Colleague: 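Please find one structure pasted underneath; my questions will follow.
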Amino acid sequence: DTAVSQTPKYLVTQMGNDKSIKCEQNLGHDTMYWYKQDSKKFLKIMFSYNNKELIINETVPNRFSPKSPDKAHLNLHINSLELGDSAVYFCASTPMAGGRDTQYFGPGTRLTVL
Amino acid sequence: GDSVTQMEGPVTLSEEAFLTINCTYTATGYPSLFWYVQYPGEGLQLLLKATKADDKGSNKGFEATYRKETTSFHLEKGSVQVSDSAVYFCALLMDSNYQLIWGAGTKLIIKP
């Protein structure tokens, strides 16, 4: 019973392509996040949605567009991929925004742009 | 703004050694404090947390005490195992904020 799942786990693609990463949580949480982790393990938040509404939109190139069809799903679409987009992308969820709850992370998607 | 500072890694220890990973924070209010762990090839998972001053979080032999006077939340374990090798992240969360503020992570390597 995977709580937060991501697909695909690995994604290798060429520069300039468009790709999507999907995330689903079966915890009934209201809030979901996308993080980018670079090669030095530094975590950077990208977006957060609360009940399908965008609540955090950090300084991220507009080539990255999140979409939340329902509160259990938060997908990340990336246009015109660049070498610097290579990283591990983590999805996470938490019961509600603004509380002191634990965040639950997915296993990550390792994106490699060639 | 709010921030978290962790000791730089990697930290390399022998099995059964005592572990301390330092974490200090800067915050305008009274945050909740967390330690997350990332095992190789996996996502992050909560290790322990504390929500108010003097609280001690503990899990899997790890402990951390929320010290308001020193704004610290150092992670300790009395006897580490090879299986503890991972990257450890300290983080804080303010009630009014929607996001965790993360430290840079500390890689821990335990040698047999």
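So that the names make sense, note that chain A is the first sequence line, chain B the second, and so on, each numbered from 1. Worth knowing before you read on, the calculation uses all heavy atoms, side chains too, and leaves out hydrogens, waters and symmetry mates. It should be emphasised that the depicted structure is a prediction, and the values quoted were computed from it without experimental measurement.
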Colleague: Please check if Val4(A) and Trp34(A) belong to a single hydrophobic cluster, counting links between Ile, Leu, Val, Met, Phe, Trp and Tyr side chain heavy atoms closer than 4.5 Å.
Modeller: no

Colleague: Should we count OH of Tyr10(A) as having more than 12 external heavy atoms under 6.0 Å?
Modeller: no

Colleague: Would a 4.5 Å heavy-atom cut-off, applied to side chains only, mark Gln103(A) and Phe34(B) as touching?
Modeller: no

Colleague: Within a reach of under 6.0 Å around NZ of Lys52(B), are more than 12 heavy atoms found that belong to other residues, nucleotides or ligands?
Modeller: no

Colleague: Would one find more than 12 heavy atoms of other residues, nucleotides or ligands at under 6.0 Å from atom CD of Glu8(B)?
Modeller: no

Colleague: Heavy-atom distance under 4.5 Å to chain B: side chain of Gln37(A), backbone, both or neither?
Modeller: side chain

Colleague: With heavy-atom distances below 4.5 Å as the criterion, would you say the side chains of Phe42(A) and Trp102(B) are in contact?
Modeller: no

Colleague: Would one find more than 12 heavy atoms of other residues, nucleotides or ligands at under 6.0 Å from atom NZ of Lys107(B)?
Modeller: no

Colleague: In a check of side-chain contact (heavy atoms from CB on, under 4.5 Å) between Thr102(A) and each of Leu46(B), Leu100(B), Leu93(B), which one passes?
Modeller: Leu46(B)

Colleague: Which pair of heavy atoms, one from Phe90(A) and one from Gln38(B), lies closest together, and at what distance?
Modeller: CZ-NE2, 3.2 Å

Colleague: Between chain B and each of Pro107(A), Gly106(A), Gly108(A), Cys91(A), count heavy-atom pairs under 4.5 Å; write down the option with the most.
Modeller: Pro107(A)

Colleague: Is the number of heavy atoms from other residues, nucleotides or ligands under 6.0 Å of Gln81(B) CD greater than 12?
Modeller: yes

Colleague: Of all the heavy-atom pairs spanning Leu44(B) and Phe105(A), show the shortest one and how long it is.
Modeller: O-CB, 3.2 Å

Colleague: Within a reach of under 6.0 Å around CD of Glu15(B), are more than 12 heavy atoms found that belong to other residues, nucleotides or ligands?
Modeller: yes

Colleague: With a 4.5 angstrom heavy-atom cut-off, is it the side chain or the backbone of Lys9(A) that approaches chain B, or both, or neither?
Modeller: side chain

Colleague: Under a 4.5 Å heavy-atom cut-off, does chain B meet the side chain of Tyr104(A), its backbone, both or neither?
Modeller: neither

